[in-house]
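Notes follow the structure.
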Amino acid sequence: MSEAAKPESERRKFRAIKGTRDILPPDSALWNWFEKTARSVMESYNFGEIRTPIFEETELFARSIGAETDVVNKEMYSFEDRPFGLDPLKNLDDFNRYIHDLERMLTSGQIPGTAANRDNIGVLKTTKEKLDGAMKKPGATIASTSGQLIEFFYFVDSIRLGDSITLRPEATASVVRAYIEHRLDTRPGDQKLYYIGPMFRRERPQKGRYRQFYQIGAEVLGTSDAPAIDAELIEMLTVLLERCQIEKYTLLINSIGCANCRPQYVELLRAELRKPEIFERLGADSKRRVETNPLRVMDSKLPEEQEIIEKKLPKISEHLCADCKTHYEKLKKELKLREVPFTESPRLVRGLDYYMRTTFEITSPILGAQNALCGGGRYDGLVELLGGPKGIKGIGFALGEDRFIDAIQEAKKIRATRPVDVFIAWMGERAYPTAVRLARVLRNEKHIVELPPVEMKFRKALERADKAGARYVLIIGDDEIASKQLTIKHLADGKQEKISEDELIQYLQ
Ligand code: AMP
């Protein structure tokens with residue numbers, strides 16, 4: 001039975017994939033308001049928008065986010081790209097054509113010309129000959145040739161048809177890739193770039209944590225690492241929070257040193273963590289990290305470790321080299337100059353080598369468990385790590401749009417809605433052409449106009465206008481056409497007036 005012929009209860013229903021969601025009106029109005037506000041704040045600081053693709057080579061993220069992180073290890077949506085013109089293997093008769101196509105595409109570079117691919121296509125041909133031999137034996141069946149079939153498909157699978165591609169889990173890697181690719185370092189001054197868009201991580205969905213979520217971020221790339229750059233970026237975020245009227249938030253800052261001073265601190269930290277009276281009190285994860293990545297112990301959320309972290313462990317800010325110390329002191333001075341309140345948090349660390357000096361995070365108590373609104377920091381070594389010119393420094397942040405929206409809704413200060421300005425209640429065929437014409441005139445003047453596609457009884461039209469939150473109902477019936485006077489009703493107070501067409505625009509202003 002065709003799907004459409006089944007009763008509704010039996011028809012297959014589609015739902016959004018777990019961890020993803022639809023953003024519908026009227027909520028989308030708040031999203032649009034927020035994005036508009038963020039753009040306007042960032043543009044006032046002279047940031048320009050960059051739009052990068054949603055997918056990139058997997059290797060780009062593995063390298064920049066770090067192959068050992070959860071994001072890269074467990075959370076990326078990756079798939080193999082496929083060349084054009086390679087039809088999937090559907091039946092036994094296709095085997096020879098398939099192998100022939102693979103060889104042709106290997107030669108023309110349409111599939112990766114790696115040594116492994118070359119070898120595996122060679123082996124695939126041999127296994128195909130073995131399979132042919134087995135099938136030609138008298139009385140051969142699928143069962144008697146299954147060993148050769150399995151071997152054949154094993155090698156079909158082993159051939160890499162294209163590059164591994166990943167839906168972006170974050171956008172800094174893409175921005176830096178674009179910066180290098182388009183030689184933005186040759187443009188004058190620092191490059192100040194911002195982006196808005198969806199990111200993808202296969203995380204366990206919960207409130208405030210999605211598999212497709214939205215980030216707004218900004219990056220400053222250039223030869224300078226002046227603390228004023230860091231402070232201005234942070235100030236910009238606080239201006240955005242202010243515009244959104246989110247008052248309850250904490251800005252945490254820290255400096256995590258550089259390649260000169262961090263290794264010594266890490267050793268000091270490791271030595272402290274190894275002390276039996278401390279080691280015994282650590283959880284399993286932290287015990288492991290003492291050897292692999294002791295810095296990560298600092299951002300552990302385990303309740304029983306909190307006292308140790310707060311009171312017993314050395315703070316990186318007290319072990320900075322002279323340059324990093326000066327940088328950090330200047331950053332704090334710059335923040336004070338800009339009247340940006342901050343809290344120092346020795347626990348704010350990053351696990352990767354290219355992160356340097358300033359790190360920051362903004363949390364909000366109104367968000368519950370997933371309380372991080374925004375995170376950022378300096379990544380002076382990243383451009384070089386991704387093959388770019390030497391000496392280019394960078395700093396950036398990414399804020400979670402989903403969580404900002406939650407925080408705006410919790411704060412209950414801003415309500416973005418899109419009420420209809422004018423609802424046109426037209427009655428009778430003679431009124432319709434005027435209604436269509438006036439709808440166009442009003443829309444050209446940027447009014448939001450609802451024009452019912454079919455005639456409605458007056459009472460029903462009024463009800464509908466009321467539900468749509470319309471400010472005015474423009475009434476056009478036989479009388480109005482005859483007298484060339486429109487009737488306009490102000491829904492808030494029910495006041496009704498007669499006006500001419502010429503007066504309409506003026507009246508609505
Ligand atoms: P990150 O790129 O992990 O530093 O995250 C930056 C910000 O993005 C966080 O502070 C969150 O506000 C937001 N964020 C990260 N992951 C998710 C997610 N799975 N769902 C919603 N927001 C997220």
Side-chain angles (χ1 to χ4, degrees), residues 16-23 27 31 34-35 38 52 54 56 60-62 64-66 68-77 166-176 194-219 233-234 236-238 240-241 244 246 248-254 256 295-296 299 301 345 347-352 354-355 358-379 382 394-411:
I17 288 168
K18 201 171 160 203
T20 73
R21 57 184 179 151
D22 304 303
I23 295 158
D27 290 350
W31 283 72
F34 178 62
E35 286 175 10
T52 61
I54 299 260
E56 301 263 1
L60 175 71
F61 299 118
S64 68
I65 303 169
E68 294 308 312
T69 54
D70 280 355
V71 170
V72 170
N73 266 333
K74 307 186 203 148
E75 298 171 1
M76 295 206 302
Y77 284 98
T166 292
L167 298 184
R168 62 182 187 191
E170 55 105 59
T172 303
S174 308
V175 172
V176 172
Y194 78 85
Y195 59 83
I196 297 183
M199 308 294 156
F200 306 86
R201 296 182 197 172
R202 194 191 287 108
E203 292 190 273
R204 195 184 302 279
Q206 62 184 87
K207 185 170 166 28
R209 184 184 280 167
Y210 304 95
R211 291 181 164 184
Q212 172 169 340
F213 59 99
Y214 296 80
Q215 282 187 340
I216 297 184
E219 319 283 350
L233 196 73
I234 296 172
M236 182 166 92
L237 272 165
T238 60
L240 180 57
L241 284 156
C244 296
I246 301 173
K248 290 189 189 140
Y249 70 86
T250 310
L251 165 66
L252 302 169
I253 63 162
N254 193 21
I256 54 166
L295 268 184
R296 292 278 320 274
D299 68 5
K301 305 274 184 296
S345 169
R347 316 183 39 159
L348 214 55
V349 291
R350 297 270 185 273
L352 296 174
Y354 64 77
Y355 282 111
T358 312
T359 57
F360 57 93
E361 189 170 270
I362 294 174
T363 60
S364 172
I366 53 185
L367 285 179
Q370 299 301 319
N371 68 353
L373 273 174
C374 170
R378 261 199 176 280
Y379 47 82
L382 184 59
I395 182 166
F397 69 77
L399 67 81
E401 212 180 330
D402 306 75
R403 297 193 194 163
F404 250 80
I405 298 289
D406 284 349
I408 294 171
Q409 282 169 339
E410 283 295 325

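Note that ligands are numbered from 1 as they come in the structure, with each ligand's atoms numbered from 1 the same way.
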Closest approach of any protein heavy atom to atom 9 (C) of ligand 1, naming residue and atom: Ala372 O, 4.0 Å
Leu373 versus ligand 1: do any nitrogen or oxygen atoms come within less than 3.5 Å of each other? yes
Begin with the C-alpha distance, continue with both residues' side-chain angles, and end with the deciding distance and a verdict on side-chain contact (heavy atoms from CB on, under 4.5 Å) for Phe360 and Ser345. CA-CA 9 Å; Phe360 57 93; Ser345 169; over 6 Å; no
Protein heavy atoms near atom 16 (N) of ligand 1, is at least one of them under 4.0 angstrom away? yes
So that I can tick it off, tell me whether Arg21 and Asp402 are bridged by a salt bridge, with the cut-off set at under 4.0 angstrom between side-chain N and carboxylate O. yes
Using a strict 4.0 Å cut-off to heavy atoms of Gly208, name the atoms of ligand 1 that fall inside it. 20 (N), 21 (C), 22 (N)
Starting from atom 19 (N) of ligand 1, which protein heavy atom do you reach first, and at what distance in Å? Glu203 OE1, 2.6 Å
Chi angles and distances behind the side-chain hydrogen bond (donor to acceptor under 3.5 Å, both in side chains) call for Glu219, Tyr194: CA-CA 6 Å; Glu219 319 283 350; Tyr194 78 85; over 6 Å; no
Heavy-atom nearest neighbour in the protein, as seen from atom 2 (O) of ligand 1, with distance rounded to 0.1 Å: Arg201 NH2, 2.9 Å
Has ligand 1 got any nitrogen or oxygen that is less than 3.5 angstrom from a nitrogen or oxygen of Asp402? no
Tell me which protein heavy atom sits closest to atom 5 (O) of ligand 1, plus the residue, atom name and distance to 0.1 Å. Gln215 NE2, 3.4 Å
Scan Leu237, Thr238, Ile366 and name whichever one has a side chain to side chain contact (heavy atoms under 4.5 Å, CB included) with Tyr249. Thr238
Charged N to carboxylate O under 4.0 angstrom, Lys207 versus Asp406? yes
Does an N or O from Leu399, backbone or side chain, lie closer than 3.5 Å to an N or O of ligand 1? no
Numbering the atoms of ligand 1 from 1, which are under 4.0 Å from a heavy atom of Cys374? 10 (O)
Please determine whether any non-hydrogen atom of Glu170 lies less than 4.0 Å from an atom of ligand 1. no
N or O contact, Arg209 vs ligand 1, cut-off under 3.5 Å: no
Should the pair Glu75-Arg202 be classified as a salt bridge under the 4.0 Å nitrogen-to-oxygen rule? no
